[in-house]
Every structure is written in C-alpha cells, then in structure tokens.
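Input: a single structure, listed below in structure tokens.
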Amino acid sequence: MLKKEVPQDLGIAEGMKEIVYAVDDDGNYELVPSAGWDPKNIANDQAWDIISEQIEKVKKQIKAGTLSPLAYHMVKNQMDAGLLAQYVGLFKWKVRRHLKPGAFDKLKKPVLEKYASLFGVTVEQFMDRATIDEDYRPGKDRLI
Amino acid sequence: MIIDFKHRQSAHCESGVTANLLSHYGLEMSEALAFGIGGGLFFAYLPFVKINDLPLTTFRYTTGAILKRTMDTLDIQVRTEKFRSPQKAMDELDRVLDRGIPVGLQTGAWFLPYFPPAYRFHFNMHNMVVMGRDNGDYLISDPVFPEPVRCDRTSLMKARFTKGALEPKGKMYYVTDVPDSFELQAAVKIGIGSTVKAMLKTPLPIVGIRGMRFLATRMERWPQKLGQEKAVLYLGQLVRMQEEIGTGGAGFRFIYAAFLQEAAALLGDTRLRKCSATLTAIGDRWRAFAVSAARNCKGRAKEQDTFAAMAAIIRDCAAREEALYKELAGIIR
C-alpha cells in the first residue's frame, strides 16, 4: 500500500486514528495514521448490526413479559450467562434463572447491587423496564 | 512518580509495548523490528474456535509470544507475575513503579475508560506500559493511542482482572536485567527462521500456508453449507480479523514487510529488501480480498466477487507467501 493511498474513511472509531504501515514514493515504510477503511467499516457495521438486532429482540421479549431487564443489560454489554456468572460470582444456572421475570422480581438487594455495579447503573435504572434507553451505536452519525 | 518513558503509537499493542520497553532500556527499536524478531507473522484458520458464533482466523502468533520471544532472543531478563488478589496486584504495581521501573500489563479492553466505546469488546489480550502515578490516576503508555492516557485505579484494577477467555489474572511484567551488548543481526535471523518454520513446517493442516489453502477450500463451500446470510457473516468476521485495529493493514503483512526492510539494512542484504516489496504486493492482494468480501457483506457483490473468486485470491496469497518464505529460508541459512 502506498502512503498516498492510505484510506481515511471515517468509521466506528469516530475520529480516533490508528497506525497502518505504508510505503512512500521511494518504497520506504512509514507509520501512517488512518481514520478507517470502508471495507473494514462495513465489516464493523455488520457486527454492530448483530448486536443491535439482539438488543431489539430482547427489548420486545421484556415488554412481552418473557424476559427480565437483566437480559437487556446482558446483551447490551455483550455478555452471555457464563461470562456474567463469572463477574457476579454466581452459578450460571442462577444467572439464567434471573433472566426470567418471576425470579428477577424476587431478587434481593445485594444481588441487584452486584448486577447494577457491574453494568455501571443504579439499582433503580437496572430494574426499570420502562427506561430501556436509546442504544449506543458507534459511528451512527456517519450512517445517516 | 512519573517515569521518563518515551511513548510511541504503534499499530499493535504487544509489539508496540515490546519495542517501547526495549527502547527505554537503550535498545532503540521499532515496532516492526520487535514484531519480526518475535516471529509475529502467522496464519491459522480455526473453524472450531468460535467468537460470537463465527470462526476464528488469526494472522499473528499466539498472544504473549511476541514479547517473550523477542526478550528471550535478545537475552533480556523479564520478571512476570500473576495474582489472585486484585488488591495485591495493584500494590505490587505501585511498589515496582515507585522504584522507577515501567511496568507492562496484560488487561481486558472492556473496563478501560479511555477506550472509545466502539472498541470496548470483551477482549483480554490488550497490552500497555504503566509509566507512573499522578493524583491517584495511572499514567499509561497504551501503544494504540497517539498520546499517553490516564486511568483511575478502580478501572485499571477491573481491567487487570477481567473474566472470560484468556483471563489476564493481573499479569504484569518488567525488565530486570539488560545485557551490555545485543546481537541484533543474529536475533533478526532467528526471528525470520521461526516465522518461516511456522508458516511452512507446522504439521497441522489449519496452520500456515496449508491453513490458507484450507480456508480457501472451506470458503468456496460457505454459501451452500451455511446459506448466503451466514456466509457473509463469516466473510465479515474474516475482514475484521485481517484489518481491525492492531494489524497495521493486510493482517500484519505490511508490518512484516517493514521489518524485512529494516532487516535488509541491518544485515546488509539487498535480497531482503526485494522480499519486503514482494510481501507488500501480497498484502495488497489480501486487501483486494477484503474489498470483494465487503461488497458481499453489503449485498453489492459484482461479477468478480464470487466466493470462488475470493478463494482464488487466498490461494494466490498462499502460493506467493510460500515462495517468499522459501526464499527467506535460503537467505538466512
């Protein structure tokens, strides 16, 4: 790749530049900052599409009363029950149970606090089914 | 206490940390040179290892190995520690920092507040150098960022003890002894030798040149076997592995070409400079594959973007890389 051809296609990095290696006119390698490259941006968007779809699906299930708010925070933080269980120090089957609305509503304060602190929200925010907010999507402005 | 540590941004975290640490101890070294001596270039297609339900392809050697091999080859003593207790891990970090020693850390990316949210994946193989403490914050030379960054103690402690695959367990490392002189030429040859061996001689069909051909064969079958929708997800994952932050472009091929150029100068061998140009051209072929693959992901595939055509590009890369590694083997003999 030639230095003058290093792509500067704005992507999910939103202004942060990474280093790529490219050659100058004499064929000498240099480190060149790059804002992004469209083929890579497309691949990244594809990955974020999957996350967004999962979040949308879970939101619907929470509204329908088949999943608890924990499911939302779990997919939003790109975790599965196994990883979540490791972080909060519970058995995986317990975390799975908490994904169900019935078990979730019976959760005691210490457990709620554990979850909330892991996700960086307050217990009220964590439990609230109504305030499932607008989701973060990197490079969103660029997509419009 | 803030250590006088020279931060340089690099493409990849591990080779960047290695190069910056070595430079701190008087062995001025570029990222590319550290990457090459550490035998960083690699290829493996691991269809049975799934990340987000998609197969893993790697263009670099195992995590941690680049640092270890570079330090070992240059006979530099490094002390590595892992911890059970996060508190003890932080205390030990402080203790070593207070002695004026820059400390390398392996961390997860998820809890680092200075990471743009787009990069906060559950990825546990990030590397950085802590260069001091200031007002309860840590001053960090994170090689993928243009300037040194700050991180609070709690976040750094969390990042050092992330869970999941390849947990860092608070891993920290620092240089304890540096020899008076370095055999750089010999180290470069050893580095090239290990890459050549890994790419040509690994007795596994999923690794090296054979791995590339294996990927090509599998790729041709993706649409029939997985359906179009899933097949393009596989392509997208491959493009991310090849081009996402840290590879320097074309799945580390360009960094390695930069290394070969430095090697040519160090060993006074113009053939290596020619090899560098060859690898640059191969990298451009990998990028051509990414362009084709991305058009498929976007649903805008042209006539020349069939899975068979993309597999053909990978086979072409395999053939050209095979010839290159054989030539390199001859040069360092």
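Protein chains get the first letters and strands the later ones, always in sequence-line order, with residue 1 at the start of each.
Residues of residues 20-31 of chain A placed with any heavy atom under 4.5 Å of a heavy atom in chain B are listed by number as Val20(A), Tyr21(A), Asp26(A), Gly27(A), Asn28(A), Tyr29(A), Leu31(A). Residues of residues 268-278 of chain B having a heavy atom under 4.5 Å from any heavy atom of chain A, listed by number: Arg273(B), Ser276(B).
The structure places CZ of Phe121(B) at 5.5 Å from CD of Gln78(A), a figure rounded to the nearest 0.5 Å. To the nearest 0.5 Å, atoms CG (Asn52(B)) and CG (Asp80(A)) are separated by 9.5 Å. Taking CZ of Phe145(B) as the start and NZ of Lys17(A) as the end, the distance is 15.5 Å to the nearest 0.5 Å. Arg295(B) CZ to Ile42(A) CD1: the interatomic distance, rounded to the nearest 0.5 Å, is 9.5 Å. Rounding to the nearest 0.5 Å places CG of Asn44(A) at 6.5 Å from OH of Tyr119(B). The CG atom of Leu84(A) sits 12.5 Å away from the NZ atom of Lys163(B) when rounded to the nearest 0.5 Å.
Using the six-membered ring where Trp is involved, Tyr87(A) and Phe111(B) have ring planes that are perpendicular, over 60° apart on the 30 and 60° scheme.
Considering only heavy-atom pairs separated by less than 4.5 Å from chain B, the leading option among Ser34(A), Ala47(A), Gly36(A) is Ala47(A). For the set Glu31(B), His122(B), Lys298(B), Arg253(B), the count of heavy-atom pairs under 4.5 angstrom toward chain A peaks at His122(B).
Using a 4.5 Å cut-off between heavy atoms, Glu262(B) does not touch chain A at all. Only the side chain of Met16(A) comes within contact range of chain B, judged by heavy atoms closer than 4.5 Å. Contacts between Ala250(B) and chain A at a heavy-atom distance below 4.5 Å are absent for every atom of the residue. Contact annotation for Asn77(A): both backbone and side-chain heavy atoms come within less than 4.5 Å of a heavy atom of chain B. Neither the backbone nor the side chain of Leu238(B) has a heavy atom closer than 4.5 Å to any heavy atom of chain A. Both the backbone and the side chain of Thr280(B) come within less than 4.5 Å of a heavy atom of chain A. Both the backbone and the side chain of Thr162(B) come within contact range of chain A, with heavy atoms under 4.5 Å apart.
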Item to complete: Step by step, work out the side chain to side chain contact (heavy atoms under 4.5 Å, CB included) result for Glu244(B) and Glu18(A).
Response: CA-CA 10 Å; Glu244(B) 190 42 289; Glu18(A) 60 177 291; 4.2 Å; yes

Worksheet entry | side chain to side chain contact (heavy atoms under 4.5 Å, CB included) between Ile50(A) and Leu233(B), intermediate numbers included | CA-CA 10 Å; Ile50(A) 296 173; Leu233(B) 293 182; 3.7 Å; yes

Discussion item. The test is side chain to side chain contact (heavy atoms under 4.5 Å, CB included); show your working for Lys40(A) and Arg240(B) and say whether it passes.
Written reply: CA-CA 6 Å; Lys40(A) 184 171 95 164; Arg240(B) 288 191 293 276; 5.9 Å; no

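For Gln304(B), the CD atom is densely surrounded, since the number of other residues' heavy atoms within 6.0 Å is greater than 12. Atom CZ of Arg97(A) sits in a sparse spot, with 12 or fewer heavy atoms from other residues, nucleotides or ligands closer than 6.0 Å. Counting non-hydrogen atoms of neighbouring residues, nucleotides and ligands closer than 6.0 angstrom, the NZ atom of Lys100(A) reaches no more than 12 such neighbours.
Of all heavy-atom pairs spanning Pro39(A) and Val239(B), the tightest one is O-CG1, 3.9 Å. Residues Gly164(B) and Gln86(A) approach most closely at N-OE1, 3.4 Å, considering heavy atoms. Of all non-hydrogen atoms in Ser117(A) and Lys158(B), the two that sit nearest each other are O-NZ, 4.2 Å.
Side-chain atoms of Gln9(B) never come within 3.5 Å of backbone atoms of Pro33(A) as a donor-acceptor pair (strictly under, hydrogens ignored).
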